Amino acid sequence: EVLPERCVQIAKRELLFLGPVGLIMYLGGVFFINRQRSSTAMTVMADLGERMVRENLKVWIYPEGTRNDNGDLLPFKKGAFYLAVQAQVPIVPVVYSSFSSFYNTKKKFFTSGTVTVQVLEAIPTSGLTAADFPALVDTCHRAMRTTFLHISKTPQENGATAGSGVQPAQ
């Protein structure tokens, strides 16, 4: 219900084996990637890139791979950026605030809380090539990290809070 029309998700293969959750994801059309075997992951991404263009699909990817509990973003994996450049489609960053105030990762225990979601301006990939990956990844990571720290009200490394220069997408 919350995904855009014609949108599929990509998830790590390990989630497929999470009992009912994995089954629901499989039946929902999630593409699973074996992150331990990069050749297999690249094949899945290449096939998906072709399908994106042919079938006008949108893809929802979590570029960190795994959300962590250290109060910051992990480095991004390259697959999402490879796919966007291959299909020559824009990247629309969607940032979720930290849920550490109401989820204990060690005990796997939720209490009540609020997650803020912010959609950023699209980052175009038209005309980009593999040589542009590092700059594309960096641009996306910086924008998402600034927003994440701001909406999570998490102090940055220097102790200052994230600035309010981030504007929501129109």
Side-chain angles (χ1 to χ4, degrees), residues 2-16 25 29-98 115-152 154-158 160-170:
V2 296
L3 293 177
E5 280 189 41
R6 308 203 44 75
C7 184
V8 296
Q9 293 188 60
I10 294 179
K12 59 186 176 183
R13 186 174 178 269
E14 295 88 347
L15 295 178
L16 180 59
M25 291 175 75
V30 172
F31 287 82
F32 293 96
I33 294 179
N34 184 348
R35 296 185 313 170
Q36 308 306 316
R37 299 184 59 195
S38 61
S39 62
T40 305
M42 292 300 285
T43 300
V44 170
M45 294 299 269
D47 292 346
L48 185 54
E50 291 171 10
R51 284 190 64 188
M52 282 178 69
V53 173
R54 187 176 64 245
E55 299 174 26
N56 192 29
L57 293 178
K58 297 172 183 80
V59 180
W60 191 286
I61 301 175
Y62 304 90
E64 280 186 282
T66 297
R67 183 53 86 90
N68 65 76
D69 61 355
N70 73 358
D72 204 347
L73 295 184
L74 292 171
F76 288 171
K77 305 215 178 292
K78 308 283 187 287
F81 304 95
Y82 168 80
L83 184 60
V85 169
Q86 176 192 0
Q88 294 288 286
V89 296
I91 295 169
V92 180
V94 178
V95 183
Y96 295 82
S97 65
S98 174
V115 173
T116 301
V117 179
Q118 190 165 351
V119 179
L120 306 183
E121 293 293 331
I123 300 171
T125 63
S126 295
L128 298 183
T129 67
D132 301 306
F133 281 179
L136 181 61
V137 172
D138 185 56
T139 297
C140 194
H141 191 274
R142 279 188 290 112
M144 291 181 74
R145 181 174 186 264
T146 299
T147 303
F148 173 76
L149 294 172
H150 178 72
I151 65 177
S152 299
T154 302
Q156 291 185 2
E157 295 162 342
N158 65 5
T161 56
S164 59
V166 178
Q167 298 296 318
Q170 299 298 322

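Values below: all heavy atoms of this structure, side chains included; hydrogens, waters and symmetry mates excluded. These numbers were taken from a predicted model, which means no experiment stands behind them.
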Which heavy atom of [X] sits nearest a heavy atom of [Y], and at what distance?
| X | Y | answer |
| --- | --- | --- |
| Ala143 | Leu120 | O-CD1, 3.7 Å |
| Val94 | Val117 | CG1-CG1, 3.6 Å |
| Arg51 | Phe31 | NH1-CZ, 3.1 Å |
| Thr125 | Pro90 | OG1-N, 4.1 Å |
| Ala46 | Tyr82 | CB-OH, 4.0 Å |
| Ile91 | Pro93 | O-CD, 3.3 Å |

So Val30 and Leu15, side chain to side chain contact (heavy atoms under 4.5 Å, CB included) or not? Walk me through it.
-> CA-CA 10 Å; Val30 172; Leu15 295 178; over 6 Å; no

Is there side-chain contact between Val89 and Val59, with at least one heavy-atom pair below 4.5 Å?
->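 Not touching, per the 4.5 Å side-chain cut-off.
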
Evaluate the side-chain proximity of Asp72 to Arg145: yes if any heavy-atom separation is below 4.5 Å, no if none is.
->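 Counting from C-beta outward, Arg145 and Asp72 do come under 4.5 Å.
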
Partners meeting side chain to side chain contact (heavy atoms under 4.5 Å, CB included) with Ala80 (sequence neighbours left out) =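 Ala80: side chain to side chain contact (heavy atoms under 4.5 Å, CB included) contacts with Ile61.
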
Partners meeting side chain to side chain contact (heavy atoms under 4.5 Å, CB included) with Val92 (sequence neighbours left out) =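 Val92 satisfies side chain to side chain contact (heavy atoms under 4.5 Å, CB included) with Val119, Ala122 once adjacent residues are dropped.
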
Residues in side chain to side chain donor-acceptor pair (under 3.5 Å) with Asp47, at least two apart?
->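 So Asp47 forms no side chain to side chain donor-acceptor pair (under 3.5 Å) with any residue.
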
Is a side-chain N or O of Gln88 found less than 3.5 angstrom from the main chain of Leu128, in a donor-acceptor match?
->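 The answer is yes, because a donor-acceptor pair under 3.5 Å joins these two groups.
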
With under 30° as parallel and over 60° as perpendicular, where do the rings of Phe81 and Phe76 fit, or are they tilted in between?
->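 Rings of Phe81 and Phe76: parallel, as their planes differ by under 30°.
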
